[in-house]
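Heads up, the thing below is written out as structure tokens.
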Amino acid sequence: MNLRRNPTHSAAHEAEPHTKADPGSFTYQPIDAMYLFSILRVNARLIAGVAIGCVIAMYIYLLFVPSVYTAYSQVILDTREESISPAEEVVSDLSINSSVLAGEVVTIRSNVLIGKVVDQLGLLEHPQYDPRLPRRENLFSWAKRMVRGGEPTHVIAATMSDDMLRSLVIDEMRKDLTVQQIGVSYAIGISFKNTNPVLAADVANAIANQYIEGQLDAKLDATLRANSWLSDRLAELSGQLEAADAAVVEFKAEMIDIADGNEENINQLLAELNTQLVGSATERADAEVRLTQVEALRTDGGLQAVSDVVTSPLLETLIRQRAELTATQAQLASTLGRKHPDMVRIGAQINNIDRTIDSELQRRVEEMRGDVIVTTNRENALREQIAVVSERADSLAKASVRLGQLERTANATRLVYENFLSRFKETSAQADFQLPEARVIGRAEVPTVPSGPRKTLHIIVAFVFGLSAAIGFVFLRNLIRAPINTANELQDLTHRRNLALLPYVRHFGHKYKWLRREIAGTEHSSFMENVRTIRTSLFALGKARQPKVIMVTSSVPAEGKSSLCCALARTISATNSSVLLLDADLRHPDVRKALALPSDGACLVGYLNGEEKLKDLPVRSELAGADVISPSVESVNAADLLSSNQFAGLLNRMSARYDVVVVNAPPVLYLSDAVLLTKHADTTILAVRSGKTPAKVVSNSIARLEEGGRPVFGTVMTMVRRGDAAAHDLGGYSYKYNY
């Protein structure tokens, strides 16, 4: 998109048209909305054509696109618990969250589940999915295959294995399958697109059913695997438990044999022995005390003293008898003498009793001494027996540790066995009853209305796309090329006065037929009226010096400079001035054709090469009202001829002979011909084609023309069509405009 130049310079340059401008001093400002609208208006037909073309192309495309039907089924992850027994399941229920839902969506789209659907519905043999059947290729696929030199898809598929073909069908189905969460619920929607509505519904329902069955199969497989593992583990644990129990029994038997009884009996025996030991020790102590006392009394007081502490029935009887005899002896002693037989007999009896008492005391002392010995021996024996029993108890206690270990091992094995047995019974019961975590809440019905393609939407999109693409192209082209669209832009850019705007005249057939009709002036023409405006600007009253040599050129070919030269020569000759039209475009001369002059006769190129005479060069054109000098052949060394003294002399002589010489110069860019001609021209006019010539090209052309110090007088905007932005500046003369 080109930028407007500062319009403040245009007025000054209209007053001083020959002042040289500085190409680098241009001031740019943004384009307003009306300017953008003018660009769109100029290219309205192109934009409309592209948009309508896109709509037509889309309509034709939709005629060949088969209708697509979408079947829709729904499943929901059920969070409600339904349990027949309180036993824990092998596979726990889902803890539903966003991650779980996303995982279930991926599961439904997995090739494993879709592969089951392919096998269930036999899609590998279905005509719509069988890769081995020939199918119509689109243009892009066909072109790509031809570039690669490959074979058609069905030919390649015929050589594949069933597994590869099955993978191709799965991939094809996944393209038409859509699985997504429904809102924020726990429901999942399954939609499948196909040109066959019945097949679409069957596939959508099959996928939902396979998802549910897959959950049940997964649970059942897990339960059966758990049962199998538990069964093997139970058999192993049963053997381990039997071995542990046998080890406990065997070790207990060994303990009984080693300790001669069990731990309870030995502890009871040890307690009894300890009790007996305590009793025996007490008896021994008592016997020792009595014996010690008796021996002490015997030592101090003899047997008589011992009798006071030693008692026995016999001793008591003897002491009582002695007391009686002593009493009797005492009674008799008062009456009888000591030698009295009765006294002797009683004395003998008392002595005999004393001897018996001594013997009895001695015996009792010996008995007491024997009791001490017996109790001491019995105590020692008990201690020895207790030591033996204690040793047996220690052995039994040590063995009890090992027995405890064996019993704990057996109990632990029994506990594990019982747990596994309980779990085995639970999982065996679960194997016959499995509940899925999801259920189908919506079955796919056979669709009756196609879901695609949405023709109205496609056509609207195509129209919008075409309209947007065309508008984008127009602005991009305008941005890249930056053409000049209005007279104000041209003046702001060149800082030169725009002399006129020449409308584009509608014509058909011959290239210059319209020009000859305009020059002939059979009817009022806005084209010729605007050319007269140029003449007025060139020969304004009051000018000190009238131009003799007027050069007309353009930046690039096909900008209407030749037509402008012919029309300008005609309008100047109408003022009774002698005019010479010099066609200096030696590379592509076209004035002869434009004015319908004969192609033979004197040639300007021949004259410059010294082959023709000057007097033979001018040819009269009644149509233009002027003489014409033009080459009849093209020249490859045009720059050399135009810079020769021969051409300079020709132009000097013609300037002296004619009032005005109009020079049709070659285009400026890429050639040096026009630059060479500027030194001979009094006035230079640059033709600029409306809406076509880029601004940068015009700026470069003016810079090149003014390298020799000769300023460009002004510009002329040519070929202004009715749709161009510059058409508003033409006024009411628009009845001959063409697009």
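Residue indices begin at 1 and follow the sequence shown.
- Applying the salt bridge (charged side-chain N to carboxylate O under 4.0 Å, His left out) rule to pairs touching residues 546-561 yields K561-D585, sequence neighbours excluded.
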With a cut-off of 3.5 Å and sequence neighbours excluded, list every side-chain donor-acceptor pair involving residues 629-636.
from, atom 1, to, atom 2, distance (Å)
S630, OG, D583, OD2, 3.4
S635, OG, N637, N, 3.4
S635, OG, N637, OD1, 2.7

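- Identified under the ring-ring contact (aromatic ring centres under 6.0 Å, His included) test for residues 43-68, with sequence neighbours left out: none.
- With sequence neighbours excluded, the residues forming a salt bridge (charged side-chain N to carboxylate O under 4.0 Å, His left out) with E172 are K175, listed by chain and number.
- For R532, the salt bridge (charged side-chain N to carboxylate O under 4.0 Å, His left out) partners two or more places apart in sequence, or in a different chain, are E529.
- The salt bridge (charged side-chain N to carboxylate O under 4.0 Å, His left out) pairs that include a residue from residues 661-678 are R587-D673, where partners are two or more places apart or lie in different chains.
- A side-chain donor from one of S537 and R497 sits under 3.5 Å from a side-chain acceptor of the other.
- Listed for the T683 side chain is no donor-acceptor partner under 3.5 Å among the backbone atoms of I550.
- Interatomic distance, OG of S690 versus CE of M717, reported as 5.0 Å (0.5 Å rounding).
- Without hydrogens or angle criteria, S577 side chain to S573 main chain gives no donor-acceptor distance under 3.5 Å.
- Every pair tested for salt bridge (charged side-chain N to carboxylate O under 4.0 Å, His left out) that includes a residue from residues 637-666 fails, sequence neighbours excluded, so the list is empty.
- Within the structure, ring-ring contact (aromatic ring centres under 6.0 Å, His included) pairs that include any residue of residues 601-651 comprise F647-H680 (at least two apart or interchain).
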Could you list the donor-acceptor pairs under 3.5 angstrom formed by side chains in residues 452-459, with sequence neighbours left out?
from, atom 1, to, atom 2, distance (Å)
H458, ND1, R454, O, 2.7

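- Without hydrogens or angle criteria, R535 side chain to T571 main chain gives a donor-acceptor distance under 3.5 Å.
- Listed by chain and residue number, D590, N664 satisfy the side-chain hydrogen bond (donor to acceptor under 3.5 Å, both in side chains) test with S562 (two or more places apart in sequence, or in another chain).
- One side chain, D627 or Y658, offers a donor N or O that lies under 3.5 Å from an acceptor on the other.
- Among residues two or more places apart in sequence or in another chain, the salt bridge (charged side-chain N to carboxylate O under 4.0 Å, His left out) test is passed with E611 by none.
- No side-chain donor-acceptor contact under 3.5 Å links N196 and Q128.
- Within a 6.0 Å sphere centred on CZ of F465, heavy atoms belonging to other residues, nucleotides or ligands number 12 at most.
- Counting only residues at least two apart or in different chains, salt bridge (charged side-chain N to carboxylate O under 4.0 Å, His left out) contacts with residues 47-68 are absent.
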